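Each chain gets a letter, A, B and so on, in the order the sequences are listed, and its residues count up from 1. Quick caveat: nothing in here was measured; it's all calculated off a predicted structure.
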There are 2 protein chains.
Amino acid sequence: MAQKVKLSTIAERLGLSTATVSLALRDSPLVAEVTRERIKEEARTSGYIYNRRAASLRTSKSGIVGVCVHDIMNPFYGEILKAIEDELDRHRQTFVLCNHYDDLSKQRSFLDTMLQLGADGLIMSPAIGTPASDIRLAEDNDLPVALIARTVEGSGVASFRGDDAYGMSLVVRHLIAEGHRAVALVGGTDQTSTGRDRAQGYRDALAEAGIAFRPEWWIRGARSRHQGFDAAAEFLALPDRPSAVVCFSDLVALGLMYGLSRAGVRPGVDIAVCGYDDIDEAAIAMPPLTTVANGQSEVGHRAAGALLARLSGAPAAEELVLIRPELRVRQSSLLDFGIVNPSP
Amino acid sequence: MAQKVKLSTIAERLGLSTATVSLALRDSPLVAEVTRERIKEEARTSGYIYNRRAASLRTSKSGIVGVCVHDIMNPFYGEILKAIEDELDRHRQTFVLCNHYDDLSKQRSFLDTMLQLGADGLIMSPAIGTPASDIRLAEDNDLPVALIARTVEGSGVASFRGDDAYGMSLVVRHLIAEGHRAVALVGGTDQTSTGRDRAQGYRDALAEAGIAFRPEWWIRGARSRHQGFDAAAEFLALPDRPSAVVCFSDLVALGLMYGLSRAGVRPGVDIAVCGYDDIDEAAIAMPPLTTVANGQSEVGHRAAGALLARLSGAPAAEELVLIRPELRVRQSSLLDFGIVNPSP
DNA sequence: CTGAAAGCGCTTACAG
DNA sequence: CTGAAAGCGCTTACAG
């Protein structure tokens with residue numbers, strides 16, 4: 001390639017100083033209109049590339065926001081990420097994405113990278129077991145953090161998520177209202193706040209109806225479609241098989257429905273199945289899936305919005321923002337659903 | 001926060017020069033073992049954060065590799081990205097991800113950002129209509145590019161993808177062998193190399209069997225699960241409804257199967273359906289989906305590997321690396337599949 | 001084995 | 001309205 005064009009190249013060619021060129025390229029009114037145009041024209045034709053590292057070294061603003069979640073491929077995060085992306089794009093911030101797969105050292109190394117790159121902010125759904133000190137490390141080094149979906153006790157930073165306990169209680173109440181007394185819970189774990197809160201909502205709704213919680217009715221662990229599929233066997237082996245299941249997430253529910261169908265048990269006919277999150281697929285699934293709309297898009301927008309506000313100087317606020325979820329009833333939980341009937 | 005610790009802080013405290021500290025932190029054998037340990041200890045206890053912008057400005061290596069695809073939420077890209085992530089992690093490169101959603105200006109602005117940040121390399125699945133000049137711009141500014149999944153004519157850079165024409169011909173031949181003469185193609189577009197190649201494989205296999213291509217049998221456009229679902233209505237409205245369908249992707253096939261089931265047409269019983277990509281879900285779907293394993297993981301590994309090799313000084317090679325796909329036959333294409341029989 | 005000095009490409013007071 | 005100069009925090013020849 002040819003000799004690299006930099007600010008000083010343009011300045012020399014035009015007989016100006018780098019200060020003037022720098023100001024002009026950023027549209028400063030300090031530079032006369034004509035001069036500004038000449039400079040921009042030269043920058044354009046010479047193929048000048050702005051060196052953000054140099055600028056960032058000087059200004060200690062990088063224009064980078066890091067985003068770290070369990071798994072970007074999970075549609076639950078997908079919708080949050082779209083909202084964040086949208087918000088950051090509008091503010092011309094670059095979006096650096098990372099999966100931590102609940103591996104603390106992977107998350108920590110991402111955090112270190114962000115510190116080293118001088119990122120302006122961080123949005124994260126913290127990995128299981130994230131110590132508050134990791135969050136403090138970022139905050140103490142001028143890297144403001146906003147949490148999504150999960151909370152870290154004692155971190156002292158704002159956190160944005162759906163009201164999982166309330167949302168889960170909505171589904172379970174719905175099933176009870178449909179006449180079910182035996183309702184299983186499939187998936188989730190005690191190790192995340194999401195898992196704990198959703199399980200709590202499940203227990204609360206049972207208790208409210210005077211139904212005793214039975215530990216064997218919670219089949220733990222599943223968080224992916226595949227794990228939901230695998231959980232079907234375990235569910236079907238339960239001694240008094242419940243007539244309804246609520247799942248930790250839509251993904252788990254969709255996998256479970258595949259597993260049940262394969263075993264000859266028809267979701268929406270022989271058994272009521274509900275999910276959680278209301279991902280796009282829920283409405284077109286077969287049968288269409290009853291679930292809880294979890295406000296992912298709002299979570300993303302508000303978290304990004306709050307972070308951007310802090311970047312523009314707003315004070316940090318420790319707050320827990322709970323988005324109110326809504327029940328979406330579809331055929332998977334209504335056992336009279338007239339599913340089309342294949343005969344063998 | 002306290003005063004920021006930098007190289008010179010450590011140097012002062014220890015009565016050494018910044019040169020020695022810099023070398024020690026990067027494990028240079030030029031620095032005596034004891035000195036090195038003292039320096040590292042001090043860095044650790046003082047909470048020193050390495051400033052990569054400064055280093056990068058000096059060395060013009062950033063440790064960043066940009067990755068830009070149509071949509072990271074699509075499991076097809078998901079598997080490629082996992083492989084790339086894996087490869088880059090091993091080489092301690094930071095992974096900056098971006099969706100372009102086939103929007104050229106979004107892709108271009110990502111490219112500009114990577115140039116400005118001094119990224120070391122770029123892996124992209126180019127947006128529809130990407131001009132070769134965009135790729136040249138990167139290459140001419142010391143930003144090596146590797147293409148995945150799609151090709152850009154005249155770009156002169158290496159490209160890694162499955163052999164889509166061959167793979168699609170495998171599925172169609174399979175359906176013909178199963179006795180089908182009327183096979184529809186659902187989804188894809190003429191605008192991507194992937195779409196063109198898969199459509200070509202479809203035509204080739206028909207021609208080979210002496211079956212004339214009928215334009216109305218290609219229902220174009222669908223590339224997502226939802227679009228596949230929507231395409232079901234269009235397919236069912238065809239005058240002489242074909243007895244089999246191949247889809248542009250598994251996602252389209254899975255959506256189509258939802259749509260067909262809802263209309264009372266049973267995939268794997270009343271109609272044969274095939275996908276393409278062999279994503280995780282294909283094997284557990286109901287019915288399990290016949291598809292083509294497309295080597296996504298190999299595509300990712302090889303593309304990242306080739307890029308990393310260039311970063312370590314290997315010469316650029318314009319080459320097209322075609323991964324050989326494999327047919328995976330499952331029940332969705334075998335009409336005698338004993339699907340469990342819900343009655344209303 | 002260690003140090004003094006220059007320089008990566010910007011921006012920012014400060015002068016004029 | 002424009003310029004000269006310092007400095008962001010590193011690394012890299014070059015000396016010793």
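What separates CZ of B:Arg36 from C1' of C:dT2 is a distance of 14 Å, to the nearest Å. For the pair B:Leu14 CG and C:dG3 C1', the computed distance is 15 Å after rounding to whole Å. Rounding to whole angstrom units, CG of residue A:Leu16 and P of D:dA4 are separated by 11 Å. Protein atom CD of A:Glu12 is 15 Å distant from nucleotide atom C1' of D:dA4, rounded to whole Å.
The existence of a salt bridge linking A:Glu85 and A:Lys82 is excluded, since no basic side-chain nitrogen approaches an acidic carboxylate oxygen closer than 4.0 Å. Comment: B:Asp112 engages B:Arg108 in a salt bridge, judged by a side-chain N to carboxylate O separation of less than 4.0 angstrom. Here B:Asp142 does not pair with A:Lys4 in a salt bridge; the nearest charged N to carboxylate O distance is not below 4.0 Å. At a threshold of 4.0 Å, the pair A:Arg44-A:Glu41 counts as salt-bridged, since one of the basic side-chain nitrogens sits closer than that to a carboxylate oxygen.
Using a 3.5 Å distance cut-off with no hydrogens or angles, the side chains of B:Thr9 and B:Arg13 do not pair a donor with an acceptor. A side-chain donor-acceptor contact under 3.5 Å links A:Thr151 and A:Arg161.
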(message) Return a single string for nucleotides 7-16 of chain D, one symbol per nucleotide in 5' to 3' order, where B is base contact, S is sugar-phosphate-only contact and - is none, cutoff 4.0 angstrom on heavy atoms.
(response) BBBBBB----

(request) Return one dot-bracket line describing DNA chain C 5' to 3' (Watson-Crick or G-U wobble pairs, both distances under 3.5 Å; ( ) same strand, [ ] crossing, | another strand, . none). (result) |||.||||||||.|||

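The salt bridge (charged side-chain N to carboxylate O under 4.0 Å, His left out) contacts involving residues 52-74 of chain A comprise nothing, where partners must be two or more places apart or lie in separate chains.
When side chains are defined from C-beta on, A:Ile323 counts as touching A:Arg302, because their heavy atoms get closer than 4.5 Å.
Counting any heavy atom pair closer than 4.0 Å across all strands shown, A:Thr35 reaches sugar-phosphate atoms only and no base atom. Counting any heavy atom pair closer than 4.0 Å across all strands shown, B:Gly118 reaches no nucleic acid atom.
One finds no side-chain N or O of A:Thr20 lying less than 4.0 angstrom from the OP1 or OP2 phosphate oxygen of D:dT2.
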